[in-house]
Amino acid sequence: MHILLPGPTPIPKEVEQAMLTSMSDHRGSIFPAVHDAVQTKLANLFSAPSPRHVAVLPASGTGGLEAAIQNLFTPGDHVLVVETGLFGRRFGEVAEAHGLALDRIEITWGEPFNVSRVLERLSGATYRGILVTHNETSTGVLNPVTELAQQLHHQSDRPLLVVDSISGVPSIPLSVGEDIDVIIAGSQKGFMCPPGLAMLALSGRGRESVLHKRIGRFYFDLSPYLAGHLPYTPAISLWYGLNAALTLVEREGSERRLARHTLLRDIVRAYARAGGLTPLVEERWASPTVTALRLPGTIDPSRLRHNLEQRGLQIAGALGPWHNNVIRIGHVGAVDVGDLWAGLGLLAPELPYPEKALTAALETANEKTGRLLP
Ligand SMILES: *Cc1c(COP(=O)(O)O)cnc(C)c1O
């Protein structure tokens, strides 16, 4: 099956192989080396102050969001949630479920948040945190998180900036540092692993803000993780996979990786436009990892996806208000131009102008890389 999904994403052979490593005692002499290697590689990837500023939990991405809320905030804390789509809304729902007092900024689907508007909402208010989405997977929008972080840096007594980058890092680089306090990531998107691990990277301030005691939290207490312990049985096989994946991530390097995803995005957009579909997000803030495309009224997204599956390709449907006439093509994680080309070839016969679509994909690849596909 070819998958062009915003998660789960294809798994490289090296990662699959590593996950077949035999079980051993996670407190024995074999596993701790993997534990240390992963903590160190993640700290480097996120530019975290030390390996003790990173926690890997057995959960899908949402578990990571919940862990961030449980560790930094108590019921009644006032936070600002910036919602640019379904996942921004979800982050707010997690906060609400924990009794936080929410203010929301709701952005029109398909648009990023505006930094000045967020800053305006902060002036005069005393929020303990701001919850934002880096790469909004439901719409395919890349939000100006780094810019917001830089602006906040100048403010004294600023709120904690907590970022859901589950479909962003490491495909789209993002670092904690002085400005971003917590980044949440998931194993099944840019990290090229199966679902099941949530990762949190914390700044110095983020780590200091972890609550020592907090009603309603037990399993996701980050304190033991941040002290270098594994309090409960880790998802051992996934750790082996993550270790191998992080080696691949380091080998490729963040610049080359972002360039690869940006190229994939540009190919998808050119292909779609020529083939009779409409990209829903303006190029200047279009995500490098997922692209939402409006279908002509004659094509039903669920029938289309069913047909494609029969031919060996899975793409994603759309959510919320875009459910009835939009598809999403994922190009996150271990997807290269060849993989994309194979998928777009399977999709082409369903489009109004299949040949134009494929020609535009070839031309774009050629223009940007000087080579023909794949
Ligand atoms: C996928 C995703 C999530 C949810 O992650 P799960 O692994 O399904 O729990 C949350 N936020 C964003 C931005 C995502 O892309």
Side-chain angles (χ1 to χ4, degrees), residues 3-11 46 55-70 81-98 106-107 109-113 130-146 148 161-174 180 182-201 219-220 235 238 241-242 245 261 265 281 285-292 314-320 322 326-335:
I3 51 174
L4 292 177
L5 298 169
T9 60
I11 309 223
F46 287 106
V56 180
L57 305 173
S60 79
T62 311
L65 300 181
E66 179 147 36
I69 299 292
Q70 290 181 338
V81 187
V82 185
E83 297 182 3
T84 49
L86 185 120
F87 289 104
R89 169 152 290 264
R90 173 86 48 81
F91 207 177
E93 285 167 357
V94 175
E96 212 160 35
H98 284 279
E106 289 177 51
I107 310 293
W109 273 52
E111 290 177 20
F113 66 72
I130 312 178
L131 314 180
V132 300
T133 314
H134 180 206
N135 186 71
E136 178 47 79
T137 321
S138 60
T139 60
V141 164
L142 182 62
N143 279 306
V145 166
T146 316
L148 174 64
L161 181 56
V162 185
V163 182
D164 169 355
S165 186
I166 294 173
S167 66
V169 281
S171 296
I172 312 167
L174 192 69
I180 296 179
V182 184
I183 298 173
I184 300 110
S187 54
Q188 82 274 25
K189 297 185 182 175
F191 282 96
M192 308 181 286
C193 288
L197 294 178
M199 287 156 260
L200 290 97
Y219 191 65
F220 283 155
L238 293 175
L242 180 59
H261 290 295
R265 173 197 73 185
V281 169
W285 44 64
S287 161
T289 60
V290 55
T291 301
Q314 290 180 333
I315 58 171
L319 310 158
W322 289 0
V326 176
I327 53 169
R328 289 175 306 146
I329 295 191
H331 29 89
V332 56
V335 179

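All ligand and atom numbering here is 1-based and tracks the order in the structure.
Listed by chain and residue number, nothing satisfies the side chain to side chain donor-acceptor pair (under 3.5 Å) test with Asp164 (two or more places apart in sequence, or in another chain).
Counting heavy atoms under 4.0 Å from ligand 1, residue Asp164 touches it through the side chain alone. By the criterion of a heavy-atom distance under 4.0 Å, the side chain of Gln188, and not its backbone, is placed next to ligand 1.
Counting only heavy atoms of the protein, atom 1 (C) of ligand 1 lies nearest to Lys189 NZ, 1.4 Å. With respect to atom 4 (C) of ligand 1, the closest heavy atom belonging to the protein is Thr62 OG1, 3.6 Å. Nearest protein neighbour of atom 15 (O) of ligand 1, counting heavy atoms only, is Thr137 OG1, 2.4 Å.
For ligand 1 and Ser167, the ligand atoms under 4.0 Å from any heavy atom of the residue are 15 (O). Atoms of ligand 1 lying under 4.0 Å from any heavy atom of Asn135, numbered from 1 in the order shown and given with element: 13 (C). Here is the list of ligand 1 atoms found below 4.0 Å of a heavy atom in Ser60: 6 (P), 7 (O), 9 (O).
If you check the side chains of His261 and Ser171, you find a donor sitting under 3.5 Å from an acceptor.
The closest donor-acceptor contact from the side chain of Arg328 to the backbone of Ala292 lies at 3.5 Å or more, if one exists at all.
Distance OG1/Thr289 to NE2/His134: 9.0 Å, rounded to 0.5 Å. One distance of note links CG of Leu86 with CH2 of Trp322; it measures 11.5 Å at 0.5 Å rounding. Distance check: Arg90 CZ to Leu131 CG gives 14.5 Å after rounding to the nearest 0.5 Å.
At least one N or O atom of Gly61, backbone or side chain, sits closer than 3.5 Å to an N or O atom of ligand 1.
No side-chain heavy atom of Arg265 sits under 4.5 Å from any side-chain heavy atom of Ser287.
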